[in-house]
Amino acid sequence: MIGAASSSRASAPGTTHPVLRGLLCRPYPAVMGVLNVTPDSFSDGGKFLAGERALAQVRRMINEGADIIDIGAESTRPYGGAQPVSAEVELRRLQPVLARAVSLGVPVSIDSMKPEVVAWAFDNGAVIANDVWGLQRDAAMVELLAARNAPAIVMHNSANADPGIDIMRDIASFFERSLQIAAQAGLPRENIVLDPGIGFGKTPEQSITVLSRLRELDCFGLPVLVGASRKMFIASVSPSEPHQRLGGSIAAHLIAARRGARIIRTHDVAETVQALRVAAAIEDKA
Ligand code: HH2
């Protein structure tokens with residue numbers, strides 16, 4: 001039974017969830033800090049698997065200005081080689097961390113493609129679902145979100161990158177399908193954030209195209225989240241290991257903000273917050 005209970009944090013039908021509204025009402029994009037409680041995430045695998053270290057990282061990101069913390073317990077490894085894990089393993093990794101992170105007072109989203117994990121996370125205080133398969137992997141996900149009236153990040157994804165396709169058209173048809181699934185299940189459009197999924201099922205070139213043409217997603221009339229942090233397209237322009245991609249991440253996120261992104265997902269909260277605020281201050285003068 002993952003769909004029946006109605007969360008006390010749910011929004012009234014037909015209105016944007018208050019947490020999502022709070023994230024979207026700022027003069028510059030909200031910053032989502034990433035916490036990976038995994039041994040194998042592409043940029044920080046193993047660093048925050050231990051409960052105390054994970055909590056210290058959440059505290060640090062909050063002090064650095066994170067508006068929301070995104071907690072994931074299964075690497076989605078955008079560049080292949082992900083080790084799928086069971087819901088039990090995900091829950092075992094989340095148990096020592098999630099409710100304690102929630103108690104620190106900043107909203108928490110759950111980065112999981114498994115409805116049973118998302119349901120458990122909601123029961124323990126998470127408020128937003130981050131689904132890297134955009135409601136298209138497991139029909140129980142949208143049913144759960146509709147039953148809880150919970151906000152969802154709907155990310156574009158594809159099992160393989162195809163350099164021959166028009167990536168913007170592919171993303172648009174994927175979102176149309178996700179929005180249709182959401183509407184059929186009764187998940188209100190107001191509670192959906194779209195994410196083009198930088199690095200997921202895309203060549204580095206296509207990730208750059210998406211960032212450059214982000215404005216085309218405005219046609220959906222929904223907020224857009226961008227997570228370019230430390231991703232491989234940066235190395236295609238400037239050869240580097242994930243931990244050496246801060247400059248490229250910030251450049252990509254500033255461009256994304258300029259082209260309308262309302263939430264930025266990052267591993268490097270302090271630097272990203274500073275960059276976004278300075279850019280906003282300069283643009284205010286223009
Ligand atoms: N990127 C990653 C994971 N989840 N969710 C959204 N909505 N958007 C993203 O761009 C996104 C995401 C990959 O980054 P990370 O979580 O650090 O890596 P891993 O999946 O290897 O844990």
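In listed order, ligands and their atoms are each counted from 1.
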### Query
For L49, which fellow cluster members are found when Ile, Leu, Val, Met, Phe, Trp and Tyr are connected by side-chain heavy-atom distances below 4.5 angstrom, either directly or through intermediates?
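Under the 4.5 Å side-chain rule, L49 groups with nothing.
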#### Entry: Side-chain cluster (under 4.5 Å, hydrophobic types only) that V89 belongs to, other residues
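Members other than V89 - counting any ILVMFWY side chain reachable under 4.5 Å - are V85.
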### Note, M155 side chain near F200 side chain (heavy atom, < 4.5 Å)
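The answer is yes, as the side chains (C-beta and beyond) meet within the 4.5 Å cut-off.
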### Query
Side chains of L20 and N191: closer than 4.5 Å at any heavy-atom pair?
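Yes, their side chains come closer than 4.5 Å.
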### Message
Determine whether a donor-acceptor pair (N or O, by modelled atom type, separation under 3.5 Å) exists between the side chain of Q206 and the backbone of D162.
### Response
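Yes; at least one donor-acceptor contact below 3.5 Å.
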### Query
What residues come within 4.0 Å of ligand 1, counting heavy atoms only?
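Around ligand 1, where the cutoff is 4.0 Å for heavy atoms, the contacting residues are N36, S41, F42, S75, T76, R77, P78, D111, N130, V132, I153, M155, D195, F200, G227, K231, R265, H267.
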### Query
Which pairs, with at least one residue in residues 253-262 and sequence neighbours excluded, count as a side-chain hydrogen bond (donor to acceptor under 3.5 Å, both in side chains)?
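Pairs touching residues 253-262 that pass the test: R258-E283.
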